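Residue numbers start at 1 and run along the sequence shown. Predicted, not measured: the structure shown is a model, and the values here were computed from it. The analysis underlying the following values was restricted to heavy atoms, covering all of them including side chains, and did not include hydrogens, waters or symmetry mates.
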Amino acid sequence: MRGYLFIIFSFILTSLLLPAYSHAVTIGPAKIEYRTDPGTIISGNLFILNEGQEDRIFYAAFEKFTEVDGQKKFLPSEESELANWFKMEKSVSLKAGEQKEIPFTIEVPKNAPPGGHFAVIWWGTAPPGGQVAIVTRAGILVFLQVSGEVNEKGDVSDFSLAGGKFFVFKLPEDFVVNFKNQGNTYLKPRGEVTIKNIFGSAIAAFKVNSKERIIFPENTQLLDVAKKFDKPPFAFGLYKAELTLQWGEKQNDIRKTISFLVFPWKTVLLVIIILAGLLLLIIKGLKKYNRWIIKKYSRN
């Protein structure tokens, strides 16, 4: 039973993980990304390394893919335009431990539709079109944007503190930034979340989408917000967070603002206890002083 589970787990890893790596083959780069015009010829190189213990033949196969709810979805039944535009060796024979650099060209047709084109190049030990089997394969993601009437429309569907909070006990780091791609090409928004006090002075700034996550058309993606504080500075009162994002060739941008109230109750409670203690000491001191004064003058 354990043997079957290991085989299934190995198959899932070799089929899905990117950047592509397995016990038998390593390829690179993990991602190929170009922005170009119709009629252009692009040249580049990729590499493949046989990490197995025996000589193998590796075969290339193209597959269209998209992304749904942040998860890559491969579409083997749909034809990819990039399969016809890519020119390179479709198979390579490698000895055990041998690495080879493979040149390629992408011949973009003059009538290529504008917008984003996506494919994964699988390199595996089974020829394309063969029977389904447990094979070693690894993939390179290809993102190609063709210029023209490209719609780079996007919007922030949600900008808030994690959990939708308004009342917090310290300056927050956990922000939710959901970006929706409403255009016809992939987008890679980048920007900052800046925390400001009631006087408009910036307290902190966090990078948004520092991992440069790509968002596909008609998809909504949660963007990462890089945390900064080793120890949050003391804060008390009303603050606001301003989000600024830019994306696309035309540098589209958007701004969103939210407000939140910081009430550091532990610090406030400690201050109250200290003040109460000081007040108590002052009261006791005054009482003692009054008794001393009364006693002094009563003797006279």
Side-chain angles (χ1 to χ4, degrees), residues 69-71 154-182 187-215 219-247 251-300:
D69 296 328
Q71 301 295 320
D155 192 18
V156 174
S157 59
D158 182 24
F159 173 47
S160 61
L161 295 182
K165 298 176 182 177
F166 170 76
F167 184 87
V168 292
F169 303 128
K170 62 181 180 179
L171 282 181
E173 295 177 293
D174 297 324
F175 292 92
V176 174
V177 180
N178 275 312
F179 184 86
K180 184 174 183 179
N181 185 345
Q182 300 170 322
L187 300 176
K188 191 161 50 177
R190 283 168 289 190
E192 285 186 337
V193 171
T194 305
I195 298 177
K196 297 183 177 182
N197 59 24
I198 57 174
F199 304 107
S201 300
I203 305 299
F206 308 100
K207 296 292 184 182
V208 178
N209 200 24
S210 58
K211 298 177 182 178
E212 298 191 342
R213 178 164 291 177
I214 287 173
I215 305 175
N219 265 265
T220 299
Q221 182 68 52
L222 178 65
L223 303 180
D224 67 279
V225 179
K227 296 184 178 181
K228 180 179 180 181
F229 298 130
D230 292 327
K231 184 178 181 181
F234 176 77
F236 181 86
L238 189 64
Y239 291 79
K240 65 179 179 179
E242 294 183 353
L243 168 69
T244 58
L245 285 179
Q246 300 85 35
W247 67 89
Q251 287 298 298
N252 302 281
D253 66 340
I254 193 170
R255 295 175 182 270
K256 297 277 186 177
T257 302
I258 58 173
S259 298
F260 54 91
L261 184 64
V262 180
F263 183 76
W265 67 271
K266 290 183 179 180
T267 303
V268 172
L269 181 61
L270 179 61
V271 171
I272 291 174
I273 292 173
I274 292 174
L275 291 176
L278 290 174
L279 182 61
L280 184 61
L281 288 175
I282 292 172
I283 293 172
K284 286 185 176 181
L286 288 174
K287 287 182 177 180
K288 188 174 181 181
Y289 176 76
N290 289 334
R291 286 197 297 269
W292 178 80
I293 291 293
I294 294 171
K295 187 174 180 181
K296 179 180 178 181
Y297 282 99
S298 62
R299 289 176 179 177
N300 297 331

- Got a sec, which pairs hit salt bridge (Lys or Arg N to Asp or Glu O under 4.0 Å) with one end in residues 270-280, sequence neighbours left out? none
- Task: Return each pair, listed once, that meets salt bridge (Lys or Arg N to Asp or Glu O under 4.0 Å) where at least one residue sits in residues 156-168; pairs must be two or more places apart or across chains.
- Result: none
- Item | Given Phe236, Phe169, Phe166, Tyr239, the one that forms ring-ring contact (aromatic ring centres under 6.0 Å, His included) with Phe263 | Phe236
- CG (Leu223) and CZ (Arg213) are apart, to the nearest 0.5 Å, by 8.0 Å
- Query: Roughly how far, to the nearest 0.5 Å, is NZ of Lys196 from CD1 of Ile203?
  - Reply: 10.5 Å
- Separation between CZ of Phe175 and CG of Leu161, rounded to the nearest 0.5 Å: 5.5 Å
- Message: Looking at Lys180, I want to see if its NZ is surrounded by more than 12 non-hydrogen atoms of other residues, nucleotides or ligands under 6.0 Å.
- Response: no
- Message: Please give me the minimum heavy-atom distance between Thr194 and Ala202, naming the atom from each residue.
- Response: CG2-CB, 3.9 Å
- When the ring centroid of Phe260 is compared with that of Phe167, is the distance short of 6.0 Å? no
- Query: Got a second to check how far Gln246's CD is from Arg255's CZ, nearest 0.5 Å?
  - Reply: 7.5 Å
- Only one of Val208, Val193, Asp155 passes side chain to side chain contact (heavy atoms under 4.5 Å, CB included) with Leu245, and that residue is Val208
- Task: Taking all heavy atoms of Thr257 and all of Glu242, pick out the closest pair and write down the distance.
- Result: OG1-CG, 3.7 Å
- Note on the structure: Rounded to the nearest 0.5 angstrom, the CD-CZ distance for Glu192 and Phe206 is 10.5 Å
- Note on the structure: Taken to the nearest 0.5 Å, the spacing of Leu187 CG from Ile215 CD1 works out to 7.0 Å
- Write down the atom of Lys256, the atom of Val156, and the distance for their closest heavy-atom approach. CE-O, 3.9 Å
- Query: Considering only heavy atoms from C-beta outward, does the side chain of Val225 approach that of Val177 to under 4.5 Å?
  - Reply: yes
- Query: Would you call Arg190 and Glu212 a salt bridge, taking side-chain N to carboxylate O under 4.0 Å as the test?
  - Reply: yes
- Would you say Leu171 and Val262 make side-chain contact, with heavy atoms under 4.5 Å? yes
- Message: Could you walk me through whether Leu222 and Val176 satisfy the side chain to side chain contact (heavy atoms under 4.5 Å, CB included) test, starting with their C-alpha distance in whole Å, then the side-chain angles of each, then the deciding distance to 0.1 Å, before giving a yes or no?
- Response: CA-CA 7 Å; Leu222 178 65; Val176 174; 3.8 Å; yes
- Item | Verdict with supporting geometry, Ser210 and Asp224, side-chain hydrogen bond (donor to acceptor under 3.5 Å, both in side chains) | CA-CA 7 Å; Ser210 58; Asp224 67 279; 3.2 Å; yes
